[in-house]
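Structure first, then comments.
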Number of protein chains: 2
Amino acid sequence: MTNKPDVRALLRRAGLRPTRQRIALGDLLFATGDWHVTAETLHEQAIIRSIPVSLATVYNTLHQFTEAGLLKEVVVDGSKTYFDTNTTSHHHFYLEDQRAIMDIPAGQVSIQGMPEVPEGMEIARVDVVVRLRAVRTN
Amino acid sequence: MTNKPDVRALLRRAGLRPTRQRIALGDLLFATGDWHVTAETLHEQAIIRSIPVSLATVYNTLHQFTEAGLLKEVVVDGSKTYFDTNTTSHHHFYLEDQRAIMDIPAGQVSIQGMPEVPEGMEIARVDVVVRLRAVRTN
DNA sequence: ATTTGTGCAAATCGTTTGCATCTGA
DNA sequence: TCAGATGCAAACGATTTGCACAAAT
């Protein structure tokens, strides 16, 4: 799973110019298998590895990658935006205490009894978030 | 469904002092049956009805009500926080275009195959969001 | 009289934007 | 060359906070 994909090719295919920072961020993102990042964590990681990128560019890049289908946006927390390098259909655990996301293996959870969708509307996507907390030992 | 509950009593039971603005906001919130509000919309409504409340107090109140179990927080959108006056277990449609929330009648949707929960963790809550968009007539 | 809540304005946080400067094709 | 990317700093929108004042018990 850690065989590095050809980020340059990914970008070209997505119609994105393979620039220094996009390649560098792509390497970071896709070399590590499944990963849930925020703009901040990615920026941090980039800086740590001496990849000079501005936070603004990290935001731009994350959104461009998402539009291109290379990332998936996950909404769990309201205050921060998380991006998931796993773009296949799957759901999430959210560890409320650690504010961390974990994938739920695909196919484990399924929905039953999908309700009537209002006229003229279609389902864009179904998200399931299982919120976890430490067992309270009262 | 529109028989006004005794907000004063609700507040007392919740250990919240029944102040002018809490009562007024409670009346607004609970008189109208199921409702999905943001701090802004509630504040707006209050002002329209000549209830003098500051936005800060609306935020405080919404959070206190939530802690007290009178409201439920719904996370669908990342940028705004929605509160649901329906505190029973149920799931949501999210109309992406209108940025609006609708309840999915309880019991219609159910989850199958709940996955192993990591050691020492318990499920606090399971949220299902069915994202809808207008049918694209391409 | 005490305690708790409220309003305001300033502060904070995550995110976006405008614009001058670079860079890849 | 030159459209498209980047960096910076300023702008932004939602939410929170500090503190003086007001209202419940």
Side-chain angles (χ1 to χ4, degrees), chain A residues 6-28 36-47 50-68 70-71 73-83 99-101, chain B residues 7-29 36-47 50-68 70-71 73-83 99-101:
Chain A
D6 185 348
V7 173
R8 224 169 287 243
L10 280 182
L11 293 176
R12 281 227 184 69
R13 231 173 288 141
L16 295 172
R17 239 198 231 174
T19 64
R20 295 191 194 311
Q21 20 288 73
R22 295 217 265 237
I23 293 167
L25 293 176
D27 280 341
L28 256 184
H36 301 93
V37 273
T38 63
E40 251 196 356
T41 55
L42 183 56
H43 185 235
E44 232 168 62
Q45 289 301 313
I47 297 305
S50 317
I51 301 166
V53 209
S54 73
L55 188 52
T57 297
V58 171
Y59 274 107
N60 287 337
T61 303
L62 285 171
H63 287 135
Q64 292 155 349
F65 281 18
T66 301
E67 265 176 75
L70 303 174
L71 292 175
E73 215 174 312
V74 186
V75 179
V76 285
D77 170 68
S79 71
K80 273 186 181 177
T81 305
Y82 291 81
F83 295 86
R99 308 191 134 225
I101 298 180
Chain B
V7 173
R8 227 169 286 245
L10 279 181
L11 293 176
R12 281 228 183 67
R13 232 173 287 142
L16 295 171
R17 247 196 223 174
T19 64
R20 296 191 192 310
Q21 21 286 76
R22 294 218 266 235
I23 293 166
L25 293 176
D27 280 341
L28 256 183
L29 284 168
H36 301 93
V37 273
T38 63
E40 252 196 357
T41 55
L42 183 56
H43 184 237
E44 231 167 64
Q45 288 302 314
I47 297 307
S50 318
I51 303 166
V53 208
S54 72
L55 188 52
T57 297
V58 171
Y59 274 106
N60 288 337
T61 303
L62 285 172
H63 287 135
Q64 292 155 350
F65 282 16
T66 302
E67 265 176 75
L70 304 174
L71 292 176
E73 214 175 312
V74 186
V75 178
V76 284
D77 170 68
S79 69
K80 273 187 181 177
T81 306
Y82 293 81
F83 295 86
R99 306 191 134 225
I101 298 179

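Just so we're on the same page: letters track the sequence lines, and every chain starts at 1.
A:T81 comes within 4.0 angstrom of the backbone, heavy atoms only, and of no base. Residue contacts shown for B:S79 are limited to sugar-phosphate atoms, with no base heavy atom under 4.0 Å away. Note on B:H43: nothing from the nucleic acid sits closer than 4.0 angstrom, heavy atoms only.
Distance B:Q64 CD to C:dG5 P: 7 Å, rounded to the nearest Å. In this structure, CZ of B:R22 is placed 19 Å from P of D:dA22, rounded to the nearest angstrom. Spacing between atom CD of B:Q21 and atom C1' of C:dC8 amounts to 14 Å, rounded to whole angstrom units. One can place CZ of B:R8 at 12 Å from C1' of D:dA24, the figure rounded to the nearest angstrom. One can place CZ of B:R17 at 6 Å from P of C:dG5, the figure rounded to the nearest angstrom. Rounded to an integer number of Å, the gap from B:R20 CZ to D:dT25 P is 11 Å. One atom, OH of B:Y59, and another, C1' of C:dA11, lie 15 Å apart when rounded to the nearest Å. Rounded to whole Å, the distance from CG on B:L55 to P on D:dT16 is 10 Å.
From B:K80, atom NZ reaches atom CD1 of B:I101 across 11.0 Å, with rounding to the nearest 0.5 Å. Atoms CG and OG1, on B:L11 and B:T19 in that order, are 7.5 Å from each other to the nearest 0.5 Å. The CZ atom of A:F83 sits 7.0 Å away from atom CG of A:L71, with the distance rounded to the nearest 0.5 Å. Rounding to the nearest 0.5 Å places CG of B:L29 at 10.5 Å from CD of B:Q45.
At D:dC8, none of the side-chain N or O atoms of A:S54 fall inside 4.0 Å of OP1 or OP2 (strictly under the cut-off). At C:dT23, none of the side-chain N or O atoms of A:T19 fall inside 4.0 Å of OP1 or OP2 (strictly under the cut-off). OP1 or OP2 of C:dT16 has at least one side-chain nitrogen or oxygen of A:H63 nearer than 4.0 Å.
For the P atom pair drawn from C:dA10 and C:dG14, the interatomic distance equals 22 Å after rounding to whole Å.
The two residues B:L16 and B:A68 make their nearest non-hydrogen contact at CD1-CB, 4.4 Å.
One axis for each end of the helix from C:dT12-D:dA14 to C:dA25-D:dT1, each built from five base pairs, and the angle between them comes to 20° at 10° resolution.
Both B:A39 and A:G15 lie close to DNA chain D; mapped to their nearest nucleotides by heavy-atom distance, the more 5′-ward contact belongs to A:G15. Heavy-atom nearest nucleotides on DNA chain D were determined for B:E40 and for A:A56, and the one closer to the 5' end corresponds to A:A56.
Counting non-hydrogen atoms of other residues, nucleotides and ligands closer than 6.0 Å to CD of A:E67 gives a total of 12 or fewer.
A donor-acceptor contact shorter than 3.5 Å links the side chain of A:T61 to the backbone of A:T57.
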